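Not measured: the values here are computed from a predicted model. Quick note on labels: first sequence line is chain A, next is B, and so on, each numbered from 1.
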Number of protein chains: 2
Amino acid sequence: MSPPTPDAPVAVDQLRASVFAALGDVTRLSLVNRLADGQPRSIAQLSEGYPLSRQAITKHLGVLESAGILHRVRSGRQSLYEFDAGPMRDLSSYLEAVSRQWDAALGRLKAYIAENP
Amino acid sequence: MSPPTPDAPVAVDQLRASVFAALGDVTRLSLVNRLADGQPRSIAQLSEGYPLSRQAITKHLGVLESAGILHRVRSGRQSLYEFDAGPMRDLSSYLEAVSRQWDAALGRLKAYIAENP
DNA sequence: GACATAGGCAACCTTTCGGTTGCATAATGA
DNA sequence: TCATTATGCAACCGAAAGGTTGCCTATGTC
């Protein structure tokens, strides 16, 4: 778990950006919230409650799957989607790292001011 | 700090989605990484090192500012951008909440299996 | 005042996104 | 077998994203 540096390998940042982008939509965020209870659901089930066509939901699920947030498992004639916490855990630790970097910088600033009144 | 529920007010989710979306781009992610050291920088400074025009960087900074991740402070003839950790902290706690929900669901599943061998 | 520097504004372009519709196909159940 | 259900595939569409270029304005500097 390397802290974020300006010159970090682009591949890692590219992956992270794709996960962020996948979550950057209210519909997809809502889908993730529903699936985070651990129960896999079919496309038909997931389409209920949205003012969108099944195809639109299918596309959103595809985006989330590409980002690794969901996995698709075929069961008979239906596609079940199940949640994977991995990518979102990675984002969480990344955000924590940035926040810590920020806190440290703030601490140094305060110390500097205290020593140069 | 309410845990994410499927029926959460859309306004909150909309804000979160916009922050996620703002971070869903490698260039913007890189800009954030640079500014997270606490030092405000001008647009000219921030434009260095990218194969993009100054205007492109300006647009990216605008997106980050709209999401509340950066603040703009005019100083003389230059616009300085400074980091604000707030929105990213919110995302972090949101992601943590989802992960905990997931862990709890997994725990219940294991308990169920253990009791029904 | 003359000139260089930093940035804002606006028009324009191409690609991607989010969405729809129509139709084809695979599994199921009566 | 036949109708139904669940999904996949592809074409299409308008709007937004990401980017460029050209020009204008404000602020420093000599």
Side-chain angles (χ1 to χ4, degrees), chain A residues 10 13-35 39-83 87, chain B residues 10 13-35 39-83 87:
Chain A
V10 278
D13 283 331
Q14 178 60 55
L15 276 187
R16 256 200 277 270
S18 74
V19 180
F20 274 124
L23 296 174
D25 178 284
V26 278
T27 302
R28 290 196 290 266
L29 216 44
S30 168
L31 287 168
V32 167
N33 283 342
R34 285 173 65 182
L35 283 165
Q39 184 173 30
R41 291 176 177 79
S42 70
I43 295 180
Q45 279 180 289
L46 290 169
S47 296
E48 293 172 6
Y50 296 98
L52 299 177
S53 69
R54 175 181 53 85
Q55 285 307 319
I57 300 296
T58 298
K59 284 195 185 179
H60 282 304
L61 292 171
V63 172
L64 290 167
E65 190 191 9
S66 296
I69 299 171
L70 301 183
H71 292 151
R72 178 165 59 159
V73 182
R74 288 223 63 153
S75 166
R77 68 178 150 182
Q78 53 191 359
S79 277
L80 301 182
Y81 280 90
E82 59 185 15
F83 181 70
Chain B
V10 279
D13 283 332
Q14 178 59 55
L15 276 186
R16 256 199 278 268
S18 74
V19 180
F20 273 124
L23 296 174
D25 179 284
V26 279
T27 302
R28 291 197 289 267
L29 216 44
S30 168
L31 287 168
V32 167
N33 283 342
R34 285 173 65 180
L35 284 165
Q39 185 174 29
R41 289 176 178 81
S42 71
I43 295 181
Q45 280 179 289
L46 290 169
S47 297
E48 292 171 8
Y50 296 98
L52 298 177
S53 68
R54 174 181 53 85
Q55 286 306 320
I57 300 295
T58 298
K59 285 193 184 180
H60 282 303
L61 292 170
V63 172
L64 290 167
E65 190 192 9
S66 296
I69 299 171
L70 301 183
H71 292 152
R72 177 167 60 158
V73 182
R74 288 224 62 150
S75 166
R77 68 177 150 179
Q78 52 191 1
S79 278
L80 301 182
Y81 280 90
E82 60 187 13
F83 181 69

Give the rounded distance in Å between these two atoms: CG of Leu29(B) and P of dG18(D).
13 Å
Nucleotide dA17(D), atom C1' - distance to CG of Leu64(B) in whole Å
14 Å
So Ala44(B), base contact, sugar-phosphate only, or nothing? Heavy-atom distance under 4.0 Å.
sugar-phosphate
Tell me: CD1 of Ile43(B) to P of dA26(D), nearest whole Å?
17 Å
Rounded to whole Å, CD1 of Ile57(B) lies from C1' of dG19(D) at a distance of 11 Å
Note, Leu35(B) side chain near Glu82(B) side chain (heavy atom, < 4.5 Å):
no
Result of checking Arg72(A), Arg34(A), His71(A) against Tyr81(A) for side chain to side chain contact (heavy atoms under 4.5 Å, CB included)
Arg72(A)
Identify, between Arg72(A) and Lys59(A), the residue whose nearest nucleotide on DNA chain D lies closer to the 5' end.
Arg72(A)
Return the value, rounded to whole Å, for the distance between atom CZ of Arg54(A) and atom P of dT5(D).
13 Å
What is the minimum heavy-atom distance between Pro87(B) and Ala67(B), and which atoms define it?
CG-O, 3.9 Å
Indicate, with a heavy-atom threshold strictly under 4.0 Å, whether Ser42(B) touches base, sugar-phosphate, or nothing.
sugar-phosphate
Under 4.0 Å from a heavy atom of chain A: give me the 5'-most and 3'-most nucleotides of DNA chain C that qualify.
dG18(C) to dT28(C)
Just by modelled atom types, is the Gly62(B) backbone N or O under 3.5 Å from a matching donor or acceptor in the Ser66(B) side chain?
yes
List in chain and number order the residues that pass side-chain contact (heavy atoms from CB on, under 4.5 Å) with Arg54(A), two or more places apart in sequence or in another chain; answer none if no residue qualifies.
Ile43(A), Ser47(A), Thr58(A)
Nearest-neighbour nucleotide for the Gln55(A) side chain, dG22(D), dG19(D), dG8(D) considered:
dG8(D)
Is there a side-chain contact between Ser79(A) and the phosphate of dG8(D), meaning an N or O under 4.0 Å from OP1 or OP2?
yes
Based on the rotation axes of five pairs at each end, what angle does the helix from dG1(C)-dC30(D) to dA30(C)-dT1(D) bend through, to 10°?
20°
For atom CD of Glu48(A) and atom P of dT7(D), their distance in whole Å:
11 Å
Specify the residue among Tyr81(B) and Gly76(A) whose closest nucleotide of DNA chain C lies further upstream toward the 5′ end.
Tyr81(B)
Base of dT7(D) paired with side chain of Arg77(A) (donor-acceptor, under 3.5 Å)
no
Measure from the side-chain N and O atoms of Ser53(A) to the backbone N and O of Ala56(A), and report whether any donor-acceptor pair falls under 3.5 Å.
yes
Just by distance, do the side chain of Ser42(A) and the backbone of Gln45(A) share a donor-acceptor pair under 3.5 Å?
yes
Side chain of Arg41(B), backbone of Gln39(B): donor and acceptor closer than 3.5 Å?
yes
Say whether, by atom type as modelled, one donor and one acceptor occur between the side chain of Arg28(A) and the main chain of His60(A) under 3.5 angstrom.
no
Starting from P on dG8(D), measure out to CG on Leu80(A) and report it in whole angstrom.
11 Å
Reckon Arg74(A) has a side-chain N or O less than 4.0 Å from the OP1 or OP2 of dA6(D)?
no
